[in-house]
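The structure appears below as structure tokens.
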Amino acid sequence: AYERTCRYLARKSNSVVVSVGYRLAPKHPFPAQFEDCVTATVHFLRTARDHGVDPSRVVICGDSSGGTLTAAVAQALANRRDVPKLRAQILIYPFLQSVDFNLPSYQQNGKVPILLKERTVVLGLKYMNKDVSLVPELFKGRHVPEDLRLKYQKWVSPD
């Protein structure tokens with residue numbers, strides 16, 4: 001389903017785009033997807049030259065949960081010295097922030113088709129093999145202790 005998009009991104013960015021067919025939830029609960037993506041990316045980076053690819057030009061990309069996984073893989077590989085550095089990461093509507101579901105971006109995009117706020121949170125919970133009955137508590141912010149909310153309000157706040 002993503003071959004055309006991957007080809008376009010590779011051509012426009014003059015980079016290699018790695019697309020991983022990772023195992024999907026709920027059949028394969030988290031962290032199977034993350035492990036699949038890290039394994040595939042490390043393997044490709046280590047063998048890129050075998051495929052005629054300059055490993056310094058590798059870009060990883062993902063949309064939705066794939067965007068979230070892309071960010072996690074980039075972070076996991078950032079300080080590793082046993083693999084070449086990634087050139088870039090492309091995140092297309094990733095699910096990156098679950099501290100506060102009432103920030104402006106959630107308010108503005110809460111009713112956008114496909115990315116409905118409640119649907120997004122339910123899918124995120126299912127992806128992580130968590131109970132979807134937690135949604136009302138998440139929307140009220142009860143999943144984050146007050147001391148942590150205060151500690152991170154500089155980065156996660158409407159301001």
Side-chain angles (χ1 to χ4, degrees), residues 1-13 15-45 58-79 86-159:
Y2 287 94
E3 182 177 349
R4 188 175 182 174
T5 302
C6 288
R7 287 179 183 273
Y8 175 83
L9 291 170
R11 188 173 59 253
K12 289 296 186 179
S13 67
S15 299
V16 171
V17 177
V18 176
S19 178
V20 178
Y22 55 84
R23 294 172 288 170
L24 300 176
K27 184 177 179 183
H28 302 282
F30 180 84
Q33 304 75 22
F34 172 72
E35 292 166 352
D36 289 351
C37 292
V38 169
T39 299
T41 304
V42 166
H43 174 76
F44 186 80
L45 288 169
V58 174
V59 172
I60 60 174
C61 175
D63 73 311
S64 192
S65 292
T68 307
L69 290 166
T70 298
V73 168
Q75 285 185 331
L77 300 181
N79 295 319
L86 295 169
R87 180 174 184 189
Q89 59 179 315
I90 300 171
L91 311 178
I92 304 168
Y93 58 89
F95 185 71
L96 299 176
Q97 188 280 119
S98 59
V99 174
D100 188 337
F101 293 103
N102 295 302
L103 293 176
S105 61
Y106 278 108
Q107 298 301 321
Q108 294 164 0
N109 299 301
K111 305 247 186 268
V112 173
I114 301 174
L115 297 177
L116 301 168
K117 182 168 94 169
E118 185 166 349
R119 180 176 186 224
T120 300
V121 173
V122 165
L123 289 173
L125 287 169
K126 285 183 176 182
Y127 210 76
M128 295 180 5
N129 206 25
K130 300 294 181 189
D131 183 1
V132 297
S133 70
L134 297 172
V135 170
E137 298 302 306
L138 293 172
F139 285 170
K140 293 174 186 169
R142 293 186 179 149
H143 62 295
V144 178
E146 187 62 27
D147 61 325
L148 286 179
R149 182 176 298 286
L150 292 172
K151 180 178 179 180
Y152 293 107
Q153 73 182 11
K154 175 181 175 182
W155 296 283
V156 184
S157 77
D159 298 331

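Because the structure is a prediction, the values reported are computed rather than measured. For reference, positions follow the sequence shown, starting with 1.
Considering CG of Leu103 and CG of Asn109, their distance stands at 12.0 Å, rounded to 0.5 Å. Phe34 contributes atom CZ, which lies 11.0 Å from atom OG1 of Thr70 (distance to the nearest 0.5 angstrom). A distance of 11.0 Å separates NZ in Lys130 from CG in Leu138, rounded to the nearest 0.5 Å. The OG atom of Ser98 sits 6.5 Å away from the OH atom of Tyr106 when rounded to the nearest 0.5 Å. Taking OG1 from Thr68 and CD from Gln97, the interatomic distance works out to 11.5 Å, rounded to the nearest 0.5 Å. Atoms CG and OG, from Asp100 and Ser105 in turn, are 9.0 Å apart once rounded to the nearest 0.5 Å.
In this structure a side-chain-to-backbone donor-acceptor pair under 3.5 Å is present from Asp36 to Arg23. Side-chain atoms of Arg149 come within 3.5 Å of backbone N or O of Gly141 as a donor-acceptor pair. Side-chain atoms of Gln33 come within 3.5 Å of backbone N or O of His28 as a donor-acceptor pair.
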- prompt: Should Val20 and Thr39 be marked as a side chain to side chain contact (heavy atoms under 4.5 Å, CB included) after you check the CA-CA gap, both sets of side-chain angles, and the distance that decides it?
  reply: CA-CA 10 Å; Val20 178; Thr39 299; over 6 Å; no
Stepwise side chain to side chain contact (heavy atoms under 4.5 Å, CB included) check, Cys61 with Ile92: CA-CA 8 Å; Cys61 175; Ile92 304 168; 4.0 Å; yes
- request: Could you check Phe101 against His143 for side chain to side chain contact (heavy atoms under 4.5 Å, CB included), going step by step and ending with a plain yes or no?
  value: CA-CA 11 Å; Phe101 293 103; His143 62 295; 4.0 Å; yes
message: Could you go through Leu125 and Val135, starting from their C-alpha distance and side-chain angles, then the distance that decides it, and tell me whether this counts as side chain to side chain contact (heavy atoms under 4.5 Å, CB included)?
response: CA-CA 8 Å; Leu125 287 169; Val135 170; 3.7 Å; yes
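Annotation: Glu137, atom CD; neighbour count of heavy atoms from other residues, nucleotides and ligands within 6.0 Å is above 12. In this structure, Asn79 places its CG atom where only 12 or fewer heavy-atom neighbours from other residues, nucleotides or ligands lie under 6.0 Å away. For Glu118, the CD atom sits in a loose shell: 12 or fewer heavy atoms of surrounding residues, nucleotides or ligands are nearer than 6.0 Å.
Across Lys126 and Val132, no two heavy atoms sit closer than the pair CG-CG1, 3.8 Å. Nearest heavy-atom pair across Ser65 and Tyr22 is C-OH, 4.1 Å. In plain terms, the two heavy atoms of Gly67 and Pro94 that are nearest each other are C-CB, 3.6 Å. A pairwise comparison of heavy atoms in Leu96 and Ala71 identifies CD2-CB, 3.9 Å as the closest pair. Nearest heavy atom pair, residue Pro136 against residue Ser133, reads CD-O, 3.3 Å.
Side-chain contact between Thr41 and Val58 is absent, with no heavy-atom pair separated by less than 4.5 Å. Between Val59 and Ile90, the closest side-chain pair of non-hydrogen atoms falls below 4.5 Å. Phe30 has its side chain out of reach of Asn129: every pair of non-hydrogen atoms, C-beta onward, lies at least 4.5 Å apart.
Judged by the 6.0 Å and 45° rule, Lys117 forms a cation-pi pair with Phe139.
The only member of Val73, Leu69, Leu91, Leu77 that meets side-chain contact (heavy atoms from CB on, under 4.5 Å) when paired with Ile60 is Val73.
A donor-acceptor contact under 3.5 angstrom links the side chains of Asp63 and Tyr2, judged on distance only.
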